[in-house]
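Below is one structure, written out as structure tokens, with a few remarks after it.
Given the structure is predicted, the values throughout are model-derived calculations rather than measurements. Keep in mind that the numbers below use all heavy atoms, side chains included, and drop hydrogens, waters and symmetry copies. Whatever order the structure lists ligands and atoms in, that order sets their numbers, starting from 1.
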Amino acid sequence: MNRGGEGERGSCSIGKGSSMRLPSGPGGLSNAVGGGIVLARYGISWKEQRRFALTTLRNFGMGKKSLEERVTEEAQFLCSEFKSQKDQFNPQFFINNAVANVICSIAFGDRFEYDDAKFQRLLRLFDAALKAESGILAQIINEIPFLAKIPWLIDRVMQPEYELIAFLKEMVSEHQKTWNPNYIRDFIDAYLVEMEKVKEDPSSSFNEANLLMTTYDLFGAGSETTNTTLRWALLYMILYPDVQSKVQEEIDQVIGSERQPTMGDVLQMPYTNAVIHEVQRCGDIIPLALPHMTYRDMEIKGYCIPKGTTVITNLSSVLKDQEIWEKPFQFYPKHFLDENGKFVKREAFIPFSAGRRACLGEQLARMELFLFFTTFLQQLTFEIPSDQPRPSEDPFYALTQTPGPYNIRVIARV
Ligand code: HEM
């Protein structure tokens, strides 16, 4: 796969980090929309924000709990929710709550109860922002960039995003009131330390607008992706009960039922690890990654790609390459196992993309996928409800590639 100039983000006419800056927006919020990491242009600000986010996530021993403890805790809450469902149900809403809560725990220092009004407002705003960004109006504006110069039209698309930023602003204000640089509770507190260090330097990228956008990016990039992958995982488990049983056997052998799974278990669990990798390969949730833009003229294999060209990387073509994978279009965990049942890494496994702009949440995402998935299958067995047809494996595409809605029934194992 060729990533061209690998630096800049490409051709969106609207949205944060686009070449266009928002013409208006309530309460001066437009100043805050732009920057961050995901759609930021290649440059010093992106580098600083990315490095800070990576280091902060890596050293996450903030406040009372480690990142692993927070994810494990959330996985337990999610399993309890699953267990409390008396009848068949669609797991999407529950998984969404749990995965977003992990990011809340990182960004705001603590998780929310699932029925907390503030938490539900946050989720509603995210949902609305995602729908607006991938909706028909946004697509028309992207096709006809001139339309992006009409302020009321842009405001209409961006309204949910403005409201979301206003929500995050409230959270930052609350943090500022109780901020203690000697006791860092979360991502926002850590960011405020950076802002304090450079307060005399107006050119620094550590400012409130970037704090808001970077926090926004953790939610935007970290929730839907992990949530969708876990939905694929449960779908494959109900469609392939033999695979589910084998994972459970391995869990019973290595972890048992008395203690919670930990990341230290991964190496002893080649089959489970292979299944999770195959879920990601087959689910292929971001087939075209994010658009990039060459920041200088490039020559690749004799082709000239001029500066400013939008480059779209086709991750799918690698994840489903017929010359590499034995059964590219089937769910086949053996893709990641050798003849002795040992886990094998595959170079063509690139759901997190590659290069300088590759996913910065990969480590967190892998932790979430392993801990949620093993906690599910340690405690529960998942089935297609007897009155339901076999759900389809065909994906729906809208920014991410998701499974269609399906219901499950759970049976407690412990
Ligand atoms: C299964 C889960 C995930 C998958 C499959 C995934 C995949 C990706 C992909 C394909 C990209 C685009 C890379 C490119 O354009 O070449 C990306 C970017 C990004 N992801 Fe993830 N991601 C996941 C979870 C997360 C999580 C949990 C976080 C953080 C909390 C996160 C944060 C980001 C950020 C900030 C970027 C932009 C990086 C940059 O532009 O420098 N992701 N991710």
Side-chain angles (χ1 to χ4, degrees), residues 1-12 15-17 35-58 60 67 70-71 74 95 98-108 126 186-187 205 210 213-233 276-293 295 310-319 349-373 399-402:
M1 186 193 64
N2 176 348
R3 290 170 53 86
E6 74 184 336
E8 300 223 25
R9 284 297 180 213
S11 71
C12 305
K16 53 194 185 336
I37 304 172
V38 175
L39 295 179
R41 285 181 172 265
Y42 184 62
I44 186 80
S45 174
W46 163 77
K47 273 191 196 163
E48 286 179 351
Q49 299 305 310
R50 182 175 166 109
R51 193 179 312 129
F52 170 79
L54 265 174
T55 318
T56 308
L57 287 178
R58 199 173 297 136
F60 208 89
L67 197 49
R70 285 168 203 257
V71 176
E74 201 58 52
I95 298 178
V99 171
N101 231 347
V102 170
I103 308 287
C104 286
S105 188
I106 292 170
F108 311 140
F126 258 108
D186 50 39
F187 188 87
S205 71
N210 261 337
M213 286 320 301
T214 301
T215 311
Y216 180 106
D217 281 346
L218 291 186
F219 278 98
S223 290
E224 177 69 10
T225 45
T226 311
N227 157 7
T228 302
T229 309
L230 286 170
R231 276 159 57 210
W232 277 116
I276 295 172
H277 278 70
E278 183 64 356
V279 166
Q280 285 201 268
R281 188 198 69 79
C282 246
D284 184 13
I285 65 159
I286 316 184
L288 300 178
L290 291 168
H292 291 238
M293 191 193 280
Y295 65 92
T310 297
V311 178
I312 294 177
T313 49
N314 186 347
L315 301 186
S316 249
S317 69
V318 185
L319 290 170
F349 177 75
I350 51 160
F352 298 102
S353 192
R356 288 188 214 172
R357 298 296 294 250
C359 177
L360 82 72
E362 176 171 348
Q363 213 188 344
L364 169 63
R366 282 175 182 267
M367 184 192 285
E368 289 188 84
L369 295 179
F370 182 78
L371 294 177
F372 274 108
F373 186 66
L399 285 185
T400 51
Q401 195 153 253
T402 63

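For Arg50, there are no salt bridge (charged side-chain N to carboxylate O under 4.0 Å, His left out) partners two or more places apart in sequence or in a different chain. Remark: Arg231 pairs with no residue by the salt bridge (charged side-chain N to carboxylate O under 4.0 Å, His left out) rule, at least two apart or across chains.
Considering backbone and side-chain atoms alike, Gln280 places every N or O at 3.5 Å or more from each N or O of ligand 1. Taking distance alone, with nitrogen or oxygen atoms compared against 3.5 Å, His292 approaches ligand 1 more closely than that limit.
Taking each of Ala221, Gly283, Ala107 in turn, the one with a heavy atom nearest to atom 25 (C) of ligand 1 proves to be Ala221.
Contact annotation: for Arg357 versus ligand 1, heavy atoms closer than 4.0 Å belong to both the backbone and the side chain. Residue Ile285 touches ligand 1 through its side chain alone, judged by heavy-atom distances below 4.0 Å. Under 4.0 Å from ligand 1, heavy atoms of Leu290 appear from its side chain as well as its backbone.
Listed by atom number, the atoms of ligand 1 under 4.0 Å from Ile103 heavy atoms are 30 (C). Proximity to Pro351 (heavy-atom distance under 4.0 Å) selects the following atoms of ligand 1: 5 (C), 7 (C), 10 (C). Within ligand 1, the atoms closer than 4.0 Å to a non-hydrogen atom of Thr229 are 1 (C), numbered from 1 in the order shown. Near Gly222, the atoms of ligand 1 lying under 4.0 angstrom from a non-hydrogen atom of the residue are 25 (C), 26 (C), 27 (C), 28 (C), 30 (C).
Taking 4.0 Å as the cut-off, Arg366 does not count as a neighbour of ligand 1 on heavy-atom distance. Proximity of Trp46 to ligand 1 is established by a heavy-atom distance of less than 4.0 Å.
Side-chain contact of Ser205 with Gln49: a donor-acceptor pair under 3.5 Å is present, judged by distance alone.
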Quiz item: Between Phe219 and Phe108, does a ring pair (Phe, Tyr, Trp, His ring centres under 6.0 Å) hold up when you go through it step by step?
Solution: CA-CA 11 Å; Phe219 278 98; Phe108 311 140; 5.6 Å; yes

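With a 6.0 Å radius and a threshold of 12 heavy atoms from other residues, nucleotides or ligands, Gln363 has its CD atom at or below the threshold.
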